[in-house]
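What you see below is based on every heavy atom in this structure, not just the backbone, and it leaves out hydrogens, waters and symmetry mates. Because the structure is predicted, anything quoted here is derived from the model rather than measured.
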Amino acid sequence: MPFPPLSRLALAAAALLALAGAAAQETKTDPVYTRARLMSSHEEPGGKLYLHLKIPPRSKIPFTTQTFRLADRKLVADIADGTPVEFVSRRLDGENTVVAIRAVAECHRFQKC
């Protein structure tokens with residue numbers, strides 16, 4: 001016995017909702033850390049704090065020194081200028097923003113870091 005047209009429509013809608021729900025689930029992945037050296041930091045009059053990070057030349061980022069906005073001042077409270085770091089950045093409010101940063105050991109030439 002075939003389904004009535006209204007039942008077919010309800011069945012199709014339920015299938016679409018199930019597919020949309022499966023596609024909307026976020027996948028949790030580990031953040032990708034990029035190596036750099038913290039060169040300096042400065043604060044603008046509006047209270048925004050910016051970091052100058054020197055990216056190693058082997059990275060696939062076009063410029064070696066880049067400026068990033070800092071999401072939270074506490075992230076660099078114990079990191080001195082010149083320290084090798086790993087950081088995670090996101091695009092927030094139209095700016096590249098460091099959301100996580102940590103000090104790491106120096107990376108030596110010709111060794112895997």
[X]: which residues meet the side-chain hydrogen bond (donor to acceptor under 3.5 Å, both in side chains) condition with it, sequence neighbours left out?
{"X": "E106", "result": "R37"}
{"X": "N96", "result": "R91"}
{"X": "T67", "result": "H52"}
{"X": "E43", "result": "R73"}

Self-check item: L70: partners by side chain to side chain contact (heavy atoms under 4.5 Å, CB included), with sequence neighbours left out
Solution: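 Side chain to side chain contact (heavy atoms under 4.5 Å, CB included) list for L70, sorted by chain: L49, L51, L75, V76, V98.
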Quiz item: What is the distance from atom CZ of R35 to atom NZ of K54, rounded to the nearest 0.5 Å?
Solution: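 Reported value, rounded in 0.5 Å steps: 15.0 Å.
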Self-check item: Closest non-hydrogen atom pair, A36 against P56
Solution: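 Between these two residues, the closest heavy atoms are CA-CD, 4.1 Å.
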Self-check item: Summary of side chain to side chain donor-acceptor pair (under 3.5 Å) pairs that have at least one residue in residues 81-90, sequence neighbours excluded
Solution: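 Of all non-adjacent pairs touching residues 81-90, those that pass side chain to side chain donor-acceptor pair (under 3.5 Å) are E86-R102.
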Quiz item: According to a 4.5 Å side-chain heavy-atom criterion applied to Ile, Leu, Val, Met, Phe, Trp and Tyr, with indirect links allowed, do F87 and I79 form part of one hydrophobic cluster?
Solution: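 Yes.
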Practice problem: Could you walk me through whether L53 and Q66 pass side-chain contact (heavy atoms from CB on, under 4.5 Å), step by step? | Solution: CA-CA 5 Å; L53 297 172; Q66 292 190 336; 5.7 Å; no
Quiz prompt | Transitive ILVMFWY cluster of Y33, excluding itself - 4.5 Å side-chain cut-off | solution =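 Members alongside Y33: V88, L92, V99.
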